[in-house]
Structure formats: structure tokens, C-alpha cells
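Reading through the C-alpha cells given below for one structure.
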Amino acid sequence: MPTDCTHYEPARIEPHWQRYWSEHRTFVAGPPDDRPKYYGLDMFPYPSGAGLHIGHPEGYTASDILCRYRKSRGDHVLHPMGWDAFGLPAEQYAVKTGTHPARTTAANIETFRRQIQQFGFAIDWTREINTTDPGYYRWTQWIFLKLFRRGLVYVDRKPVWWCPELRAVLANEEVVDGRSEVGGHPVERRALRQVVLRITAYADRLLAGLEDLDWPDSTKRQQRAWIGRSEGTEILFPVDNKRRPVLRVYTTRPDTLFGATYMVLAPEHPLVAEITTAEHREAIEDYRRQAAAKSDLDRTDLAREKSGVFTGAHAINPINGARLPIWVADYVLASYGTGAIMAVPAHDERDYEFAETFQLPIQRVIDPERKGSNGHSPELPYTGEGFLVHSGDFSGLSSEDARREITLRLEEQEEGRPAVNYRLRDWVFSRQRYWGEPVPLVWVGREDYERAAADRTSPVGRVLPGEAVTAELDGELRYALPVPPEELPLTLPEVESFQPSGDGESPLANEEEWLHVHFHLRTGETRPASAAAPGGDWVPARRETNTMPQWAGSCWYHLRYLDPHNEERIVDPERERYWQAPDLYIGGSEHAVLHLLYARFWHQVLYDEGVVSTPEPYRRLFHQGIILGEDGEKMSKSRGNVVNPETVIADHGADALRLFEMFLGPLEDSKPWNPQGIEGISRFLKKVWRTLLGPDGQPAERLVADGAAEDEAATRALHATIAKVTADIENLRFNTAISQMMIFVNTAARAEAIRRGTALRFLQLLAPFAPHLAEELWERLGEAPSVSEAVWPEPDPDWLGSDRVTYAVQVNGKLRGELEVADSTGREEVLAAARGLEKVAANLEGKTLRKEVFVPGKIVNFVVG
RNA sequence: GCCCAGGUGGCGGAAUGGUAGACGCGGCGGACUCAAAAUCCGCUCUCCUUACGGGGGUGAGGGUUCGAGUCCCUCCCUGGGCACCA
């Protein structure tokens with residue numbers, strides 16, 4: 001039954017059809033069947049307290065249009081939604097008010113779900129997931145154990161923001177201008193124990209996997225740059241003192257080796273203390289302290305003058321025995337390469353600047369031209385390629401040959417080898433927070449570890465990696481044992497306070513009952529340490545207190561949608577083989593690197609585990625742009641330019657909002673909101689109603705039976721619209737699809753007679769964009785719901801072209817007339833007719849015709865001189 | 001500094017190397033109305049011209065082409081990203 005309104009009332013029509021879809025399970029995906037599948041995925045939202053933003057539905061509407069379209073094409077469509085609900089805001093609110101983050105999160109999810117449901121998306125709500133649900137995060141922990149088992153987890157000290165005043169670790173976004181966002185206290189970098197994932201082990205595959213993805217080029221480029229693979233040479237420089245430790249450096253320019261005039265170590269380099277001579281010790285220690293206290297911003301500011309201190313030590317250049325002073329400077333990063341460089345000031349801008357500052361020698365070894373040609377040597381530093389000079393036997397070689405030859409020589413001398421380096425660093429996977437997935441590890445002593453490791457068939461032993469994961473806790477070396485899959489989920493304990501522990505651990509470290517346990521070395525069961533010691537395989541253990549970052553839950557959610565209620569497995573293999581990975585993934589480009597790289601990493605690991613059948617999670621990716629405020633600025637409370645989707649829906653309806661967001665401009669562009677623009681869309685939808693229905697809400701008089709005559713313009717417009725809307729949907733060009741539908745409606749509104757079939761086919765085209773109105777009119781025109789079940793229309797090629805074409809006639813590229821002729825008219829006839837046009841003839845008068853350009857169906861151009 | 005995207009009417013934007021400005025907003029004029037709203041019709045890049053016509057025009061300058069918003073080079077501007085990666 002349609003509603004009984006006589007005119008377009010979205011406030012009544014939209015809830016009506018949303019109820020219909022829900023009751024009839026119209027968009028619930030079924031079990032695997034013979035139909036081709038189509039899996040459309042949106043980046044799921046973080047349910048913030050602010051409620052839905054006008055930007056959220058932009059991507060959701062786009063994927064909804066695709067999904068509804070594919071359904072009409074006969075595909076079995078999966079379009080799910082869920083919540084990325086761990087995260088900082090709920091935690092910060094908990095610290096401030098004591099409200100449990102689970103309560104805040106549940107309330108926010110209610111709001112988000114209600115708001116999203118107002119849009120009438122074709123979402124299968126039976127598959128809703130929530131990353132904070134233990135039934136979900138047990139599988140996040142399960143994947144962590146897979147990584148652990150594969151040796152992709154280790155524990156190391158990594159620098160993080162530490163605020164001594166708050167006695168807490170801060171996230172980057174909590175640090176503003178070197179001070180804590182809360183309270184404005186000073187912060188410093190401090191190395192704390194962190195759980196780290198060895199994503200670098202997958203660097204080459206993450207790079208290679210990009211090749212075949214249908215992703216925006218810019219996103220692929222960003223990922224490539226982030227991984228930052230480079231090929232070079234690792235060179236050993238012995239230190240010139242009695243103990244002769246050896247400096248390992250990495251360079252992409254071994255061809256400049258003869259130009260090395262000094263060495264630099266990062267302040268954090270482990271050999272600094274060992275090589276520094278007594279008289280320089282104090283200065284070096286000072287410098288290291290300063291560097292440690294500096295923010296990344298200070299250290300990486302390019303405009304800053306180079307700083308550094310001499311260690312008093314020298315190294316020997318293995319290629320020519322030159323004695324090079326070793327400096328410590330913070331322009332060398334501990335985290336890249338080997339944390340040490342050979343400095344070639346003549347051919348590197350940074351080294352040049354440093355050498356100038358500290359009066360160090362500069363030796364040219366590359367000329368852009370081969371020696372003997374009369375080109376002048378360019379100003380230094382010269383960072384390009386060229387031919388070697390002042391380079392012993394290697395002088396005269398090209399940079400490329402020299403790189404190979406010098407590396408070969410070093411290999412023979414066992415003082416170097418080819419090496420590949422990545423800019424990508426391992427992934428710090430721990431947070432000193434409450435509101436995240438607990439890391440399923442416990443820490444035990446060495447003997448207990450060895451007992452557990454001796455039995456590789458037990459639940460614990462099966463998940464142990466070949467090499468022990470160790471860490472120093474309270475000054476003692478401890479060994480990690482997994483909380484095995486059988487014992488998952490490892491849930492968050494209730495806590496007294498959400499404040500961090502104060503010594504760099506999460507609030508979980510304060511929960512003595514939870515923290516200290518008896519752990520069964522084989523089964524992985526745990527009991528509170530306060531209980532009587534059971535003995536035997538039960539050993540004392542301390543739980544890992546770190547929780548996982550927000551990325552964890554979003555790394556694999558696309559997989560859980562396939563089988564969200566399965567308590568036995570992460571996903572049923574048959575379902576996984578059917579649905580595989582999303583066919584389309586829509587979300588913001590702000591996730592171009594981190595989320596999309598981490599998710600690919602996990603997916604590749606799951607592929608290696610045989611859990612998923614595809615090597616890549618997101619085959620086709622699209623970034624929607626940002627909707628800016630009316631003033632062209634980013635929407636924000638402080639600017640007062642925020643548009644609330646609920647208000648817009650109340651005023652104009654969800655269909656109007658959906659359509660308008662798609663009509664604003666290309667999906668991928670940033671574009672400003674225009675409050676008057678939505679009026680235009682509202683008018684369009686009302687016009688659709690008035691064109692097809694009379695004042696009584698019954699089919700309009702202009703609607704005629706399918707056999708009856710119809711205005712040719714309407715027929716032509718229909719087929720043009722079918723063709724254009726279909727092509728535009730597939731290419732996610734919704735703004736032009738909507739323009740075309742407007743053209744159709746403008747034509748139809750003027751037509752005397754429209755066949756019912758024409759109207760119905762138009763409604764099918766409209767349905768993915770404005771589904772409520774389309775359903776309402778579909779049924780009012782006598783069809784049974786739902787329009788989404790109807791097979792997508794095909795254009796009739798006979799009506800696509802016209803049998804008349806219009807030629808633009810130019811003389812010397814300037815438009816001088818138009819010529820309408822039959823489609824079939826040949827070149828000579830068209831040219832003759834064109835020459836006969838009055839204005840053309842006038843412009844050809846008295847000129848020499850040099851050339852006649854004829855493009856069939858398009859244009860004629862006479863070139864005269 | 002480097003990388004990426006983009007500069008088209010008053011505004012959002014459209015245009016496989018082939019009539020620049022579709023569609024929408026806004027504006028102007030008209031119809032309907034006692035009036036208004038809604039709706040419908042027409043006009044709406046700019047300059048010259050009463051008109052007919054004609055000139056110019058897609059950030060600037062050059063180039064390729066019969067023909068350039070579209071391709072190439074240089075430059076300017078805006079937005080986004082990355083930041084000493086050896």
C-alpha cells in the first residue's frame with residue numbers, strides 16, 4: 001500500500017517505505033547462492049558524541065546507489081554497516097566524568113543508527129557490527145595471535161609523547177605546540193615498552209599488491225611513498241681506535257664514496273657512547289639530552305640551522321683508507337637505515353649545509369659531464385648523476401656503473417653489500433589506554449616459558465612463535481605467553497578509575513586482581529593471583545596491560561560482515577569464498593595511508609593463514625570529497641557553519657538530501673554546501689510527483705497505455721536518460737546522472753502523452769537516488785513493490801541517436817553556421833550544403849580553399865588563405 | 001622544499017581534441033492571482049551595434065593542431081598531503 005497523501009509529503013512517505021523495507025527484509029543478504037555477488041562497503045563511522053555529520057551520508061549515499069543499482073542488475077548485494085567504536089573521545093570523557101566508555105559508546109551508537117536509518121539506505125541491518133563488542137573483538141585478538149604465532153609481534157622500547165605533569169602517555173593529537181592539549185603542560189619524547197607489529201616484513205608485498213588495485217592513483221602513490229623502498233649499499237666503516245667497532249651506513253649513492261669527508265651518527269645511535277673520546281664526552285652527552293627533549297617538530301624543521309657535535313673519533317673509509325671525523329647530529333634519524341651516514345657534502349644538500357656550518361672539507365667527486373668535455377663544473381652541492389672524478393680507479397665511470405663497481409669491490413673486501421631499505425617502520429601497536437582491545441599476552445619467567453614452549457601441541461604451545469618474545473619488566477627479562485584462542489575473548493575488566501597508571505602503563509595496570517594471575521602453561525586458563533596457588537602447570541604471570549589501537553578493529557571488519565554472528569569461526573569458509581572482499585570501498589582520502597595500509601597488511605597475513613581467499617581486501621576504492629560549509633570553509637562548530645542532516649531531512653526529506661549531496665558536484669571533489677540548492681532539488685522531486693500524478697494523487701491524465709502514442713521527445717529523452725544514468729552510476733558520476741534525469745522530467749512535464757512504461761522505467765532510474773519517492777510512485781502507478789526488485793531497463797538503440805544530425809560549420813575554426821541534415825548524408829553532400837550557407841559563402845568569398853575538414857556527424861571546417 | 005589535485009558566468013558545476021557554459025542555484029521580465037506563495041513561460045559570459053550582425057572569452061604567457069577548457073612547456077594562484085629517508 002502506498003501512503004494516502006495527495007501531494008509530495010516526504011515526512012509521511014519516507015518512514016512508510018523504510019518500515020516496508022524492514023518488514024519485508026528487502027535488503028537482507030541471504031546465504032551464498034548462484035547469483036553473482038556484489039559487496040559494497042562504506043568506511044564505518046566512529047560514533048562520536050556530536051552525532052552524524054553532513055559528510056557521512058555523502059559516501060553512504062554513493063555506495064547505496066551502486067548497491068541498489070547492482071541489485072536491479074540481478075546481483076546478490078551485501079551492503080552492511082557497523083561501528084568503529086573504540087577510541088579516544090569516549091576514553092577522555094570517561095577520565096573526565098567517570099562515565100564508563102561502554103555507556104557513552106552505546107548511547108552514541110543509538111544516535112548514529114537512528115540518524116543513518118533516516119536516509120533509507122539499502123543496508124542489511126541484521127549484520128551490524130561493533131568493534132567494542134567482545135563477540136567481535138575476540139576475533140581481533142584471534143588475528144593478533146595469528147600474527148604472534150608468525151613471529152610478526154615483538155616488544156621494544158619506542159619513543160612516545162610523555163607528559164610528566166599528567167603522568168600519562170599522550171597521542172599525537174593530544175599534543176599541541178609541544179604542550180599537552182589538556183592543561184597545557186610540557187611534554188617530552190620518552191621511550192616506553194611497546195608492542196610492535198613487523199609490518200616491514202610485508203613491505204615488498206604491500207608494494208607489489210598495489211599494482212592491480214582499482215584505486216585512485218594519488219592514493220597508490222601515497223602508499224608507495226610511505227613504504228619508500230630504496231636500493232643502495234650498506235658500507236662498513238671501521239672506527240680508528242683500539243677497539244675498532246664498525247659503523248654500518250646505508251647509502252643510495254655509493255658512487256660518491258670517495259667524496260665522504262665525515263661521518264654522522266644519530267644522537268640515539270648505540271655506538272655513540274662507546275666511540276666518544278673523553279674530552280668530548282660532556283658535549284656529546286649534552287647534545288644527546290637536548291635532542292631527546294626536542295619535539296619532532298623542532299628536530300625536523302628544515303629551516304632550522306644544522307646542529308651537531310664532534311665525538312673525537314674517526315672512521316676509515318674502506319675504499320681509500322681516508323680518515324673521517326665522526327660527528328653526532330640530529331639531522332640523521334635513528335629510525336631510518338642504520339642510523340648512521342657517510343657525509344658527502346659535495347653531493348648532498350644536507351651534508352653540504354652541515355659542512356659549511358662546521359667548516360668541514362668538501363670534495364667534489366661527480367661531474368655532470370665526462371671529463372675532457374669543456375663543460376664547467378656546476379655549483380656545489382650537485383645532487384644529480386654524472387661521471388666520477390677524484391675517485392681512484394673508478395674515475396671516469398658513470399654514476400650508475402660506479403654504484404655497481406664500487407659495491408662489488410666492497411663485497412670482495414667484505415666491507416659492504418647491496419641493501420634495500422624502507423621508509424616504512426614497524427607498527428607501534430599498543431596504547432596505554434583502557435578503551436581498546438586488551439592484548440592477549442601474559443608475561444612469565446624464563447623457566448616457565450621454556451616449560452610452555454616444550455609442548456607445542458597444547459593450546460598455549462600451538463600459538464607460540466619459534467623465537468621467544470621478551471621484554472624487560474621491572475628490571476627483569478620476562479617472556480611472553482599467549483592467552484590462547486580457547487580463552488578468548490580476553491575482556492576488559494571493570495576498573496575503579498580510567499586514569500592512566502602514572503608510570504607509563506594503561507589504567508589496567510592499577511587492577512591488581514586482573515593484572516596478577518595464575519596462568520596455566522598448557523591451557524592458558526587464568527585465575528586471580530589472590531586465590532590459592534594451584535601449583536603444577538599453574539605459574540604466576542602478569543598480564544600485558546597495553547590495549548590495541550583503534551586501527552585494529554577496522555583492519556578486518558570487512559570480513560566479519562560476511563558472518564557476523566558466527567561464534568565458532570571468524571568467518572564461515574563457504575561464505576568467505578562466496579562474498580570474498582568488497583567490490584567497492586568508499587571512504588575519505590584521509591585514510592589513504594594508515595588504515596588502508598594496515599588493513600592490507602592484516603588481510604595479507606590472513607591470506608597466508610588461508611583464512612581469506614583474496615590477497616587484497618579492497619579491489620576498487622573511491623574517496624568522496626569533503627562537504628564544506630556555505631562559506632567554503634571546513635564545517636566546524638567554532639565557525640558556526642555546520643549543517644545538521646536531521647534538520648535538512650525534517651525540512652526537505654531524505655530523498656532530497658540524498659539527491660542534493662550527489663548533485664553538488666563530482667563525488668571526489670570538496671564542495672561547499674548551498675542551502676538554496678536543496679530547494680532546487682526539492683522542486684525537482686515535487687515536479688516528478690506532479691508530472692506522474694494528478695492533483696488527487698492518482699496517475700496523471702497524460703499517462704497513457706503502453707500501446708498508445710507518446711510524445712517522441714519523451715521517448716527519446718527516456719532512452720538517452722537510461723543510457724546516461726546507467727553509465728554515470730557505474731563511473732560514480734552522480735551529478736551528471738541527476739542532470740539527465742532533470743532533463744527527462746522537464747521534457748515529460750511538457751509532453752501531452754507519456755506511456756505508463758516510460759514513466760515506470762524512469763522511476764527505476766530514479767530509485768537508487770530517491771528510493772522512497774520511487775517506491776511510492778511505482779506502486780501508485782499500479783506496480784507491486786518493490787521497485788528495487790524490477791530488472792534494470794536497457795536503452796533502445798533506435799531511439800538513442802537521431803536520424804537528423806546538426807553540423808557545426810566553421811571557416812578557419814570560427815563558427816559560421818549550422819547545418820541540419822539526415823544522419824546518412826555523405827561527406828561531399830554535407831560539404832556542398834555547408835558551402836552554400838549564406839555566412840559561410842560570404843567568408844569563403846575571394847579566398848583560396850586550402851583544406852576541408854569533415855568529421856562525420858560533428859563538424860565541417862573550411863581552411864582558407 | 002617535495003608530491004598530488006585544481007583554477008571555466010554572480011554561485012555549484014557541464015563539456016570522447018570538434019558549436020564553451022548542459023543541469024541546478026541566484027537574478028531580471030512576463031503569465032496565473034484581489035494579492036502573495038506555489039506553478040508555468042522567456043531572458044541571463046562579456047563588449048560593440050537600435051537591429052541584423054560582429055569582436056573577445058575557460059588563471060597568465062608561449063607551443064602543437066584545420067580546430068585546444070581539454071595535449072606539451074614556463075610561470076602565477078588556491079587547496080590537500082609529506083616533511084632532513086642518506
Side-chain angles (χ1 to χ4, degrees), chain A residues 7 216-219 221-222 224-226 228-230 232-233 249-253 256 264 266 296-297 299-304 306 329-333 335-344 347-351 353-354 383 421-425 589-590 592-593 625-626 628 630 632 634 659-660 663-666 668-681 683-684 686-687 690 733 735-743 745-746 749-750 806-819 839 842 850-864:
Chain A
H7 55 282
D217 279 343
S218 61
T219 305
R221 257 194 299 269
Q222 276 186 67
R224 285 198 189 99
W226 191 264
R229 183 182 201 274
S230 75
T233 305
V249 308
Y250 171 76
T251 178
T252 54
R253 294 296 300 272
T256 64
V264 184
D296 275 10
L297 213 76
R299 281 185 63 164
T300 58
D301 186 355
L302 261 172
R304 193 176 59 89
K306 291 272 180 289
D330 64 6
Y331 81 91
V332 172
L333 307 179
S335 54
Y336 184 77
T338 61
I341 63 158
M342 63 177 208
V344 184
H347 304 292
D348 181 282
E349 283 174 20
R350 297 154 300 180
D351 297 344
E353 209 182 306
F354 189 86
T383 58
N421 243 291
Y422 299 91
R423 189 185 159 269
L424 182 69
R425 299 173 199 172
S589 57
E590 67 271 22
V593 177
I626 299 171
L628 306 169
E630 209 181 322
K634 216 166 184 160
L659 213 55
F660 184 54
F663 185 64
L664 273 174
E668 65 273 27
D669 286 2
S670 294
K671 53 244 156 189
W673 179 261
N674 175 357
Q676 277 155 342
I678 191 149
E679 301 277 355
I681 289 291
R683 284 206 279 270
F684 166 68
K686 285 180 201 151
K687 191 167 185 176
R690 281 196 320 272
R733 294 157 51 109
N735 55 331
T736 50
I738 294 167
S739 294
Q740 182 62 38
M741 288 193 281
M742 288 172 168
I743 292 171
V745 173
N746 289 342
R750 280 172 215 185
T806 305
Y807 280 88
V809 182
Q810 300 178 335
V811 178
N812 281 351
K814 281 196 191 301
L815 186 68
R816 296 300 175 187
E818 288 182 8
L819 183 65
K839 281 195 280 176
R850 298 195 188 281
K851 188 172 180 179
E852 291 169 327
V853 178
F854 174 80
V855 181
K858 293 270 188 197
I859 204 164
V860 169
N861 189 12
F862 297 106
V863 184
V864 297

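Scope of the values below: all heavy atoms of this structure, side chains included, with no hydrogens, waters or symmetry mates. Please read these numbers as outputs of a predicted model, since none were measured by experiment. Numbered from 1 within each chain, the chains take letters A, B, ... in sequence-line order.
- Across the protein-nucleic acid pair, A/R733 atom CZ and B/A22 atom C1' stand 13 Å apart, rounded to whole Å.
- A/F354 does not carry A/K306 over the face of its six-membered ring by the limits of under 6.0 Å from the centre and within 45° of the normal.
- Heavy atoms only, all atoms of each residue included: A/Y250 and A/G232 are closest at OH-N, 3.3 Å.
- Within the 4.0 angstrom heavy-atom criterion, base atoms lie near A/I341.
- Looking at every heavy atom in both residues, A/Y807 comes nearest to A/V860 through CD2-CG2, 3.9 Å.
- When the side-chain nitrogen and oxygen atoms of A/R690 are compared with OP1 and OP2 of B/C40, one or more of them lie within a distance under 4.0 Å.
- Within 4.0 Å of A/E349, counting heavy atoms only, lies no atom of the nucleic acid at all.
- Closest contact between the side chain of A/N674 and the listed nucleotides B/C84, B/C25, B/A22 involves B/C25.
- Between the C1' atoms of B/U8 and B/G57, the separation comes to 10 Å (whole Å).
- Considering only the side chain of A/K306, B/C84 comes nearest among B/G12, B/C84, B/A83.
- With both ends at atom P, the span from B/G63 to B/C52 equals 36 Å, rounded to whole Å.
- When heavy atoms are screened at a 4.0 angstrom cut-off, A/K814 is found touching the sugar-phosphate backbone but no base atom.
- Residue A/K671 is the one, among A/N812 and A/K671, whose nearest nucleotide of RNA chain B lies closer to the 5' end (criterion: closest heavy atom).
- When the C1' atom is used for both B/C48 and B/A36, the distance is 42 Å, rounded to whole Å.
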Please assess A/T806 against A/L819 for the test side chain to side chain contact (heavy atoms under 4.5 Å, CB included), listing each intermediate value before the final yes or no.
-> CA-CA 5 Å; A/T806 305; A/L819 183 65; over 6 Å; no

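- The separation between A/I678 atom CD1 and B/G12 atom P is 18 Å, rounded to whole Å.
- For A/M741 and B/A14, the CE to P distance is 16 Å, given to the nearest whole Å.
- Rounded to whole angstrom, the span from the CZ atom of A/R224 across to the P atom of B/C82 amounts to 18 Å.
- Look at the P atom in both B/U50 and B/U39: the space between them is 39 Å, to the nearest Å.
- Of the candidate nucleotides B/A86, B/C66, B/C23, B/C23 has the atom nearest to the side chain of A/N746.
- The side chain of A/N735 contributes an N or O atom lying less than 4.0 Å from OP1 or OP2 of B/A14.
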Check the pair A/R690, A/V745 against side chain to side chain contact (heavy atoms under 4.5 Å, CB included), reporting the backbone distance first and the verdict last.
-> CA-CA 10 Å; A/R690 281 196 320 272; A/V745 173; over 6 Å; no

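- The side chain of A/T736 places no N or O atom within less than 4.0 Å of a non-bridging phosphate oxygen (OP1 or OP2) of B/G13.
- The distance from atom CD1 of A/I738 to atom CG of A/L664, rounded to the nearest 0.5 Å, is 9.0 Å.
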Can A/Y331 and A/E353 be said to form a side chain to side chain contact (heavy atoms under 4.5 Å, CB included), step by step?
-> CA-CA 11 Å; A/Y331 81 91; A/E353 209 182 306; over 6 Å; no

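- Residue contacts for A/D351: at a heavy-atom cut-off of 4.0 Å it reaches no nucleic acid atom on any strand shown.
- Comparing the P positions of B/C45 and B/A20 gives an interatomic distance of 14 Å, to the nearest angstrom.
- Within the nucleic acid shown, A/E818 comes within 4.0 Å of at least one base atom, counting heavy atoms only.
- Atom CE in A/M742 sits about 17 Å away from atom P in B/G12, given to the nearest Å.
- Taking atom CD of residue A/Q740 and atom C1' of nucleotide B/G24, one finds them 14 Å apart after rounding to whole Å.
- B/G67 sits 15 Å from B/G56 when the P atoms are compared, rounded to a whole Å.
- A/F660 CZ to A/F684 CZ: the interatomic distance, rounded to the nearest 0.5 Å, is 14.0 Å.
- Within 4.0 Å (heavy atoms only), A/L815 reaches at least one base atom of the nucleic acid.
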Given side chain to side chain contact (heavy atoms under 4.5 Å, CB included), test A/I341 with A/Y336 step by step and report yes or no.
-> CA-CA 10 Å; A/I341 63 158; A/Y336 184 77; over 6 Å; no

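- A/G337 comes within contact range of no nucleotide atom at all, as no heavy-atom separation falls under 4.0 Å.
- Against the 90° criterion about 0, the sugar-base torsion of B/G17 places it in the anti range.
- Between A/R816 and B/G53 there is no side-chain polar atom (N or O) within less than 4.0 angstrom of OP1 or OP2.
- Within the nucleic acid shown, A/R221 comes within 4.0 Å of sugar-phosphate atoms alone, with no base atom in reach, counting heavy atoms only.
- A side-chain N or O of A/K687 and one of A/N746 form a donor-acceptor pair less than 3.5 Å apart.
- Searching all strands for a Watson-Crick or G-U wobble partner of B/U64 with both distances below 3.5 Å returns nothing.
- Between A/R683 and B/G26 there is a side-chain polar atom (N or O) within less than 4.0 angstrom of OP1 or OP2.
- Residue A/R229 is classed as having no contact, given no heavy-atom separation below 4.0 Å to the nucleic acid.
- B/C40 atom C1' lies 9 Å from atom NZ of A/K687, rounded to whole Å.
- Nearest-nucleotide positions on RNA chain B place A/N861 closer to the 5' end than the other of A/R425 and A/N861.
- Look at A/K839 and you won't find any side-chain N or O under 4.0 angstrom from OP1 or OP2 of B/C52.
- With P as the reference atom, B/G7 and B/G17 are 15 Å apart, rounded to whole Å.
- Nucleotide B/C85 forms a pair with no other nucleotide shown, judged by Watson-Crick or G-U wobble geometry with both contacts under 3.5 Å.
- Counting non-hydrogen atoms under 4.0 angstrom, A/T806 reaches a base of the nucleic acid.
- Base pairing of B/A36: no nucleotide in any strand meets the Watson-Crick or G-U wobble criterion (both distances under 3.5 Å).
- Contacts between residues 852-860 of chain A and RNA chain B, defined by a heavy-atom separation below 4.0 Å, involve A/V853, A/V855, A/K858, A/I859, listed by number.
- A/R733 contributes atom CZ, which lies 9.0 Å from atom CD of A/E668 (distance to the nearest 0.5 angstrom).
- With a cut-off of 3.5 Å on both pairing distances, the Watson-Crick or G-U wobble partner of B/G56 is B/C45.
- For A/E590, the CD atom counts as densely surrounded, since its 6.0 Å shell holds more than 12 non-hydrogen atoms of other residues, nucleotides or ligands.
- B/A15 makes up no base pair with any nucleotide shown, lacking Watson-Crick or G-U wobble contacts both under 3.5 Å.
- The phosphate of B/A86 has neither OP1 nor OP2 within less than 4.0 Å of any side-chain N or O from A/Y250.
- Note on A/R850: nothing from the nucleic acid sits closer than 4.0 angstrom, heavy atoms only.
- Between B/A68 and B/A83, the distance separating the two C1' atoms is 37 Å to the nearest Å.
- If you take CZ of A/R253 and C1' of B/A86, they are 11 Å apart, rounded to a whole angstrom.
- The phosphate of B/C41 has OP1 or OP2 within less than 4.0 Å of a side-chain N or O from A/R750.
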